Structure formats: C-alpha cells, structure tokens
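The structure appears right after this line, and notes come after that.
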Number of protein chains: 2
Amino acid sequence: MTPSEQLDATFIALADPTRRAILARLMGGEASVNELAEPFSISQPAVSKHLKILERAGLVSRSADGTRRPVKIEAGPMKEAADWLEKYRRFWEQSYKRLDALLEILQTPVNQSEKPTPTKRSDKDA
Amino acid sequence: MTPSEQLDATFIALADPTRRAILARLMGGEASVNELAEPFSISQPAVSKHLKILERAGLVSRSADGTRRPVKIEAGPMKEAADWLEKYRRFWEQSYKRLDALLEILQTPVNQSEKPTPTKRSDKDA
DNA sequence: GTGTTATAGAACGATTTGGTTATGAACTGG
DNA sequence: CCAGTTCATAACCAAATCGTTCTATAACAC
C-alpha cells in the first residue's frame, strides 16, 4: 500500500460517525462485535462491515479468541493522518503570522512605497 | 451543520488523493479552476466537483472575480479534524506509557496473581 | 451428538462518488 | 455586437458505501 493509499484508507475510515464512535468506544478497551453493535442500533453485519473498513486502514486489529474476535484499536495510521494534518497546521499558523505582519505594515504611515502598477506614464508627470 | 457532520465532510474531503493534491497546490497561493485542473489530467468538470466537496467541508473558499473564481485554502475545519486526531494521539501516548508500566510490572516477581494459561514456569524464573 | 452463540458472507437495494462529454451562463475584449 | 474564456450544470456510467435480511461457519455448552 502506497502512503497515499494509506491516507485514503485512513481518512475514509474516519469519515463516518459510526466508525468514529466505534473507535471512541474502543479507547475504553477491547470489545466484541456484538458489544460494538448494541449501542448503535444497526445490525451486526453492518458493524462487521465497518470493522472491515477500519481494519483495511489498520486502525483496528482482531485476535481470534474462541468464537469471539475481540477488536482492538491501533494507533499507527492515525498518527500518519495526524502528521499529514500537522503540515497544514504549520501552514495556517504561518498564514496568521503573515496576516499579523501585514496588519502591522498597514498601520505604518505609508508615504513612498513602491507603485503596484507601474503604468507607463512617460510625459505627463515626473 | 453538527460537529459530527462537519467532521464527516472534512474527512470525506481529505480521503481523495486528488483533493489532497489540490490542497497542497493551494498552499502555494490562490488558483483558478483551470490552473488546478491542468496538472491532474482530469477534466475541468471533475475538478469543479472536487472543489464542491472541498467547499462543502469549508476547506476552500472562492471569490468571484469576473469570469474567474479563484480558489483559496481555508484552515478552520482542518484544525478541527487535527484536534479530533489529537485526542487519539494522547490516547496512544498513554497506551505506550501503560505498556511501559506493564512491562515493568511483568518484570517484577509475580507470585500469586491469577493465571489464565499457567504455562509450566515453575522453578526457573520468578 | 444437538443446540446456542458469535461472527462472517452472500445477495439485494438505495445512495454517493468520481469520472466522462455536451451544453449553458456570465464575463472580457475586440 | 460578436467571439472567446471561464466555470458550472446536466445527463450518464461504473464502482463503492451503507444499510438490510438471510444463511453459513465455527466454537462453546449440554
């Protein structure tokens, strides 16, 4: 899986409220499929499908334990997604800094700065 | 739009490599639709659709300028998504700490705890 | 064994996505 | 006014999502 495909799978997995709720639930510890299905008022096969999408992204793992398949949260891919977003956090922080700088410049008395559009006025003035 | 729907829209928007590339391109400054379409070898209407999804998530904004509709990146929703992921970053950092603590506990002489699978470790270690 | 429980999978349907081409609307410039 | 540019929209298609119900598998309990 390429890094881009990994990001695809992770963001797709996070783009559903049921799956985010499943992850939130799993932060409290492992859970079986039926335990996960109960509070969501959706059928068990629907939860199995969500788990497959989460598994595809590497966000959860399962361990066979008899008939149970306890689901456990995995952090790795989420960190990659967070790192990706971090790049943009830096960008918009820079933007705010640039905006601050611009506001400061706009408050200084602007007398003789550069002309934005140097229209070729040749004979009338200057 | 509820916060959950906002997160849905944001993660959906980020779950496509073309849209992530568009955002990356926009970090270099505003761009017109055709400028965005060119490097991706997809049609202009396809880019318009991607922009609509990005706009729905509030990740980009457009300003009417004649026939041009320059596209600009917006930081707000991305920050919300990053904050959401941050919660999980804290979780897995805690997990690592708990793992460290567990490993430490496991190295202390365990005498009388419950044993689910009492492997025959009778006299050597402990 | 039989029966129950836990889970996966097949089959189906409605909706959404991501792409296309063709067309229409709005502004620009001669 | 006419022509060209920029962009959005409509119509369409293939594939994926998200849900359902029904069934099959696998392990446990009796």
Side-chain angles (χ1 to χ4, degrees), chain A residues 1-2 4-23 25-26 29-57 59-73 117 119, chain B residues 1-2 4-23 25-26 29-57 59-73 116-117:
Chain A
M1 184 140 58
T2 72
S4 178
E5 287 169 343
Q6 174 61 51
L7 277 179
D8 284 4
T10 302
F11 283 129
I12 286 172
L14 296 179
D16 181 273
T18 300
R19 286 193 291 270
R20 289 198 302 275
I22 287 176
L23 290 175
R25 162 69 182 80
L26 289 176
E30 294 188 355
S32 72
V33 173
N34 279 330
E35 285 165 356
L36 290 174
E38 190 175 335
F40 293 121
S41 73
I42 61 177
S43 63
Q44 168 262 313
V47 172
S48 283
K49 281 193 184 180
H50 282 306
L51 290 175
K52 215 162 153 186
I53 293 177
L54 287 167
E55 220 174 355
R56 182 180 67 189
L59 289 170
V60 304
S61 66
R62 359 237 324 220
S63 47
D65 166 28
T67 65
R68 303 251 171 121
R69 310 275 310 276
V71 185
K72 189 159 79 65
I73 195 172
T117 58
T119 46
Chain B
M1 185 141 56
T2 74
S4 178
E5 287 170 343
Q6 176 59 50
L7 277 178
D8 284 4
T10 303
F11 283 130
I12 286 172
L14 296 179
D16 181 274
T18 301
R19 286 194 288 269
R20 289 198 301 275
I22 287 176
L23 289 175
R25 162 69 183 79
L26 289 177
E30 294 187 354
S32 72
V33 173
N34 279 329
E35 284 165 357
L36 290 174
E38 191 176 336
F40 294 120
S41 74
I42 61 177
S43 64
Q44 168 261 312
V47 172
S48 283
K49 282 193 183 182
H50 282 306
L51 290 176
K52 217 160 148 184
I53 293 176
L54 288 167
E55 220 176 354
R56 181 181 64 188
L59 290 169
V60 304
S61 65
R62 0 234 329 217
S63 46
D65 167 27
T67 65
R68 303 251 170 117
R69 308 277 310 276
V71 184
K72 190 160 79 66
I73 196 172
T117 58

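Throughout, a chain's letter reflects where its sequence line sits, starting with A, and its residues are numbered from 1. As the structure is a computational prediction, the values presented were derived from the model and not from experiment.
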Please report, rounded to the nearest Å, how far the [atom2] atom of [N] is from the [atom1] atom of [X].
| X | N | atom1 | atom2 | value |
| --- | --- | --- | --- | --- |
| B/I42 | C/dG18 | CD1 | C1' | 9 Å |
| B/L51 | C/dG18 | CG | P | 13 Å |
| A/K49 | C/dC12 | NZ | P | 13 Å |
| A/I53 | C/dG9 | CD1 | P | 14 Å |
| A/E38 | C/dT5 | CD | P | 14 Å |
| A/D8 | D/dT17 | CG | P | 11 Å |
| A/R19 | D/dA16 | CZ | P | 15 Å |
| A/K52 | C/dG9 | NZ | C1' | 8 Å |

Counting heavy atoms from C-beta on, name the nucleotide in [options] closest to the side chain of [X].
| X | options | result |
| --- | --- | --- |
| A/P45 | C/dT7, D/dT20, C/dT20 | D/dT20 |
| A/S48 | C/dG19, D/dC7, C/dT7 | C/dT7 |
| B/H50 | C/dG9, C/dG18, D/dC7 | C/dG18 |
| A/R68 | C/dT7, C/dG18, C/dG9 | C/dT7 |
| B/T18 | D/dC7, C/dG19, C/dA8 | C/dG19 |

Whether the side chain of A/R20 engages the backbone of B/S4 through a donor-acceptor N/O pair (distance < 3.5 Å, no angle test) should be reported.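 Yes; judged by distance alone, with no hydrogens or angles, the pair exists.
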For the side chain of A/Q6 and the backbone of A/A57, is there at least one donor-acceptor N/O pair under 3.5 Å apart?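 It does hold such a pair.
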Measuring from A/K49:NZ to A/T18:OG1, what's the distance to the nearest 0.5 Å?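 If I round to the nearest 0.5 Å, the distance is 13.0 Å.
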Is it the case that atom CZ in B/R68 sees more than 12 heavy atoms from other parts of the structure closer than 6.0 Å?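 Not more than 12 within 6.0 Å, no.
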Do other residues, nucleotides or ligands put more than 12 heavy atoms under 6.0 Å from the CD atom of B/E38?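 Not buried by this count: 12 neighbours or fewer within 6.0 Å.
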Any side-chain N or O of [X] below 4.0 angstrom from OP1/OP2 of [N]?
| X | N | value |
| --- | --- | --- |
| B/S43 | C/dG19 | no |
| A/R69 | D/dA27 | no |
| A/R56 | D/dT17 | yes |
| B/N34 | D/dT5 | no |

Distance-only donor-acceptor test, B/Q44 side-chain atoms vs D/dA8 base atoms, 3.5 Å: yes
